Amino acid sequence: MLKDEFSELEEQRLSKLVKLREQRLEPYPTRSHKSHCNADAIAAFEKAEADESTETVEVVLAGRLRAIRNMGKLSFAHIEDVSGKVQLLFRVNELGEEKLDEFVRFYDLGDFIEASGSMFRTRRGEVTLQVADFRMLAKALLQLPADKDEVVDGEVVRHAQLSDPETRYRQRYVDLAVNPEVRENFKIRAKIIKALREFLDERGFLEVETPILQPIYGGAAAKPFTTYHNQLHQQLYLRISFELYLKRLLVGGLDRVYEIGRDFRNEGISFKHNTEFTQLEFYMAYADYMKIMEMTEQMVAQVAQKVLGTMKIQYDGHEIDLTPPWNRLQIRQGLIDQAGIDIQQYPDADSLAAVMKDKKIDFKPGISRGKLINTLLETYLEPIMIQPTFLYDYPRDISPLAKAKLEDPTTVERFEGYIGGMELCNAFTELNDPLDQEQRFLDMGHTYSEDEEERNPMDEDYLRAMAYGMPPNGGLGLGIDRFVMLLTGQHTLREIILFPPLRDADQDNKKD
RNA sequence: GGGCGCGUAGCUCAAUGGUAGAGCAGCGGCCUUUUAAGCCGUUUGUUGAGAGUUCGAUCCUCUCCGCGCUCACCA
């Protein structure tokens, strides 16, 4: 029960609530008559002022009390709504002693209040609501973390703001309530997703939704979450990608499709990995990976321009320019330049492993040639790709759904886009040859042991779909969370995911 | 999962082997144009949980819980 856990401070608030009720003042009225958001009320007053209008600006405002300054016969307060803050002035002349006393005695920071009156400008020049009447909209029983804003040389300096990461993530509602820049990040996130949709919609893409619960997972190298459907008596997996379902739609004649949604991977969490993450995947018939590359840089640049008004972003001390065209770096050439290894000269895992050993490069023993190359590029190439860079032409054995290059069957037409040293997206010319695809699935089974997540299970229905004829196409997967990180300048996914996963804090839940 | 670090009032932080303090928030008072309002007075707490060492632990040791960084894994 909430009541059993109340501290002294909370008891005080509860007693104010009880006293309000005793005076027949409902602390949680059903309806509000708010007429303007705070920003609009200020704008309306400033317009009237500019027009030299003699009419008063009458408004009903509502929001959360964020500051109270009681001064005897008058009180100032700031309320906040999603549009911002506005100052309220309570004067005994307008309200009478009893009504002013009601505010002073029963209202606390954090309460939601509705106040009506007319807008004016104080002696210090702040546009303010002269309160003619007010009432409680929602009494807060718990105290929000106390922070105060001070304006120093036009800069807002916040004092004692909530900063404990655990509290911020566990009780994100508190974090959002007191830290406006956190709200701002999530507004930007929404704008980014909207702008991505606009980009694709403008180009004739159809937004679709495919199953999250899947009988066979696939489309990526990752460990899935498993669940069970009671009535179907069937084990199901939470999807690790949308890929195989979306490409089935190309077989069905939907030439351009995309999906924005959640993927789930049962793996470690880091600043750039989360158990569930939001992915954009699109597939475009009659396109190849070079075409997708061009679209990707245009898409990212256009979204940045729409959302931030610029294609130049600040990230981790770097100015990053998203303006197309981006750098293009073939893996083979990149590794010749940076690692001094020409992977073409080492056609199998053993010979490549030998040269890597000579160069004292750390790698897990026994891994495939493709994974060795992947280790090389993570070591030598990834960290230096701060400016937007497409790394292209990947090893075939780690790319079972991509089409091989005509002139080099060990390499596939695949690229990944890197910004700020972080992988942002992954794309390829999609394999549409059902016999080749079947062989790829079989190869995976040979190359990787059963417990390795690279070993995607054979998806017979996907092969059947492809056997009906799949148009040549290119596809892209883009991690929206990472994209949001870049555009908001954040350095961990937790800052741009509303409720990041945390261990159960319940003390009773002690042992494993 | 490994390594390192952290956990003190609602928030931000301080302190000492002798059972804890500051600012803000709160409570009482003064105050009719303030805005980190001010002035006077005042209260906060199982020092994350448990055990041990000790005359005595918030401090030292151990276990557990949680968080952060990092490595591994991965996109």
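So you know, we letter chains A, B, ... as the sequences are listed, proteins then strands, and number each from 1. Quantities reported herein were computed from a predicted structural model and do not represent experimental measurements.
The phosphate of B/rU32 has neither OP1 nor OP2 within less than 4.0 Å of any side-chain N or O from A/Arg91. Contact check, A/Ser163 against B/rU12: a side-chain N or O comes under 4.0 Å of OP1 or OP2. A/Arg494 has a side-chain polar atom (N or O) that falls below the 4.0 Å cut-off from OP1 or OP2 of B/rG68. Distances shorter than 4.0 Å separate some side-chain N or O of A/Arg503 from OP1 or OP2 on B/rC67. One finds a side-chain N or O of A/Lys16 lying less than 4.0 angstrom from the OP1 or OP2 phosphate oxygen of B/rC27. In terms of phosphate contacts, A/Arg69 brings no side-chain nitrogen or oxygen within less than 4.0 Å of OP1 or OP2 of B/rG38.
Looking at residues two or more places apart in sequence or on another chain, you find a side chain to side chain donor-acceptor pair (under 3.5 Å) between A/Glu495 and A/Arg168, A/Tyr169. Residues meeting the side chain to side chain donor-acceptor pair (under 3.5 Å) test with A/Ser83, sequence neighbours left out: A/Asp81. Listed by chain and residue number, A/Arg66, A/Arg183 satisfy the salt bridge (Lys or Arg N to Asp or Glu O under 4.0 Å) test with A/Glu80 (two or more places apart in sequence, or in another chain). A/Tyr237 pairs by the ring-ring contact (aromatic ring centres under 6.0 Å, His included) definition with A/Tyr217, not counting sequence neighbours.
Checked against a 6.0 Å centroid threshold, the rings of A/Tyr258 and A/Tyr283 do not count as neighbours.
Among the nucleotides B/rU35, B/rG10, B/rA36, the one closest to any side-chain atom of A/His78 is B/rU35. Among the nucleotides B/rU33, B/rA25, B/rU32, the one closest to the side chain of A/Val92 is B/rU32. Distance from the side chain of A/Leu502 is smallest to B/rG68 among B/rU34, B/rG68, B/rU35. For A/Pro145, taking side-chain heavy atoms from C-beta onward, the closest of the listed nucleotides B/rC11, B/rU34, B/rU33 is B/rC11. Which of B/rU35, B/rC31, B/rA36 sits closest to the side chain of A/Gln87 comes down to B/rU35. In the set B/rU12, B/rU32, B/rG68, B/rU32 carries the atom at the smallest distance from any side-chain atom of A/Asn93. Side chain of A/Lys148, nearest nucleotide from B/rU12, B/rG68, B/rA37: B/rA37. Out of B/rC73, B/rU32, B/rG68, the shortest distance to the side chain of A/Lys364 is found at B/rC73.
When both distances must be under 3.5 Å, the Watson-Crick or G-U wobble mate of B/rU47 does not exist. As the counterpart of B/rU19, no nucleotide is assigned, since no Watson-Crick or G-U wobble pattern has both distances under 3.5 Å. Across all strands shown, B/rC6 pairs with B/rG66; the Watson-Crick or G-U wobble distances both stay below 3.5 Å. Shown here, B/rG41 forms a base pair with B/rC27; the pair counts as Watson-Crick or G-U wobble because both key distances fall under 3.5 Å. Judged by Watson-Crick or G-U wobble contacts below 3.5 Å, the nucleotide B/rU33 has no partner. Pair assignment for B/rU53 gives none, since no Watson-Crick or G-U wobble pairing has each distance under 3.5 Å.
Look at the C1' atom in both B/rC59 and B/rG1: the space between them is 31 Å, to the nearest Å. Comparing B/rU33 with B/rA22, their P atoms sit 32 Å apart, to the nearest whole Å. Of the C1' atoms belonging to B/rU53 and B/rU63, the separation is 15 Å, rounded to the nearest Å. Separation of the C1' atoms belonging to B/rC13 and B/rG45 is 15 Å when rounded to the nearest angstrom. Between B/rA14 and B/rA57, the two P atoms lie 25 Å apart (nearest whole Å). Comparing the C1' positions of B/rC65 and B/rA49 gives a spacing of 7 Å, expressed to the nearest Å. Here the separation of B/rC4 from B/rG17, taken at their P atoms, is 25 Å to the nearest Å. Comparing the P positions of B/rC67 and B/rC55 gives an interatomic distance of 38 Å, to the nearest angstrom.
Rounded to a whole Å, the OH atom of A/Tyr169 is 18 Å from the P atom of B/rG7. Note: CG (A/Asp164) to P (B/rU8) measures 8 Å, nearest angstrom. Atom pair A/Glu378:CD and B/rC73:P shows a separation of 8 Å (rounding to whole Å applied). Regarding A/Phe90, its CZ atom lies at a distance of 18 Å from the C1' atom of B/rC31, rounded to whole Å. Rounded to whole angstrom, the span from the NZ atom of A/Lys19 across to the P atom of B/rC27 amounts to 10 Å. The distance between atom NZ of A/Lys139 and atom C1' of B/rG26, rounded to the nearest whole Å, is 12 Å. Regarding A/Arg124, its CZ atom lies at a distance of 9 Å from the P atom of B/rA36, rounded to whole Å. What separates CE of A/Met71 from P of B/rA37 is a distance of 11 Å, to the nearest Å.
Within a 6.0 Å sphere centred on CD of A/Glu97, other residues, nucleotides and ligands contribute 12 heavy atoms or fewer.
Counting any heavy atom pair closer than 4.0 Å across all strands shown, A/Phe277 reaches a base atom. Residue A/Arg265 is in base contact, counting any heavy-atom pair closer than 4.0 Å across all strands shown. Within the nucleic acid shown, A/Asn426 has no heavy atom closer than 4.0 Å to any nucleic acid atom. Using a 4.0 Å heavy-atom distance criterion, A/Asn274 is classed as a base contact.
Across the interface with RNA chain B, nearest-nucleotide mapping of A/Asp149 and A/Leu162 shows A/Leu162 to be the residue nearer the 5′ end.
Annotation: side chain of A/Phe90 is not in contact with side chain of A/Leu74 (no heavy-atom distance under 4.5 Å). Considering only heavy atoms from C-beta on, A/Arg265 comes within 4.5 Å of A/Ser241 through its side chain. Looking at heavy atoms from C-beta onward, A/Asp133 lies out of side-chain contact with A/Glu114 at the 4.5 angstrom threshold.
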Would you tabulate the nitrogen or oxygen pairs shorter than 3.5 Å linking the protein to nucleotides 41-43 of chain B?
none

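Between A/Lys371 and A/Asp397 there is no salt bridge, since none of the side-chain N atoms of the basic residue sits less than 4.0 Å from a carboxylate O of the acidic one.
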With a 3.5 Å cut-off and sequence neighbours excluded, list the donor-acceptor pairs that the side chains of residues 13-21 of chain A form with protein atoms.
residue, atom, partner, partner atom, Å
A/Arg13, NH1, A/Leu109, O, 3.1
A/Arg13, NH1, A/Ala140, O, 3.1
A/Arg13, NH2, A/Leu109, O, 2.9
A/Ser15, OG, A/Gln12, O, 3.0
A/Lys16, NZ, A/Asp108, OD1, 2.5
A/Lys16, NZ, A/Asp108, OD2, 3.1
A/Arg21, NH2, A/Glu26, OE2, 3.4

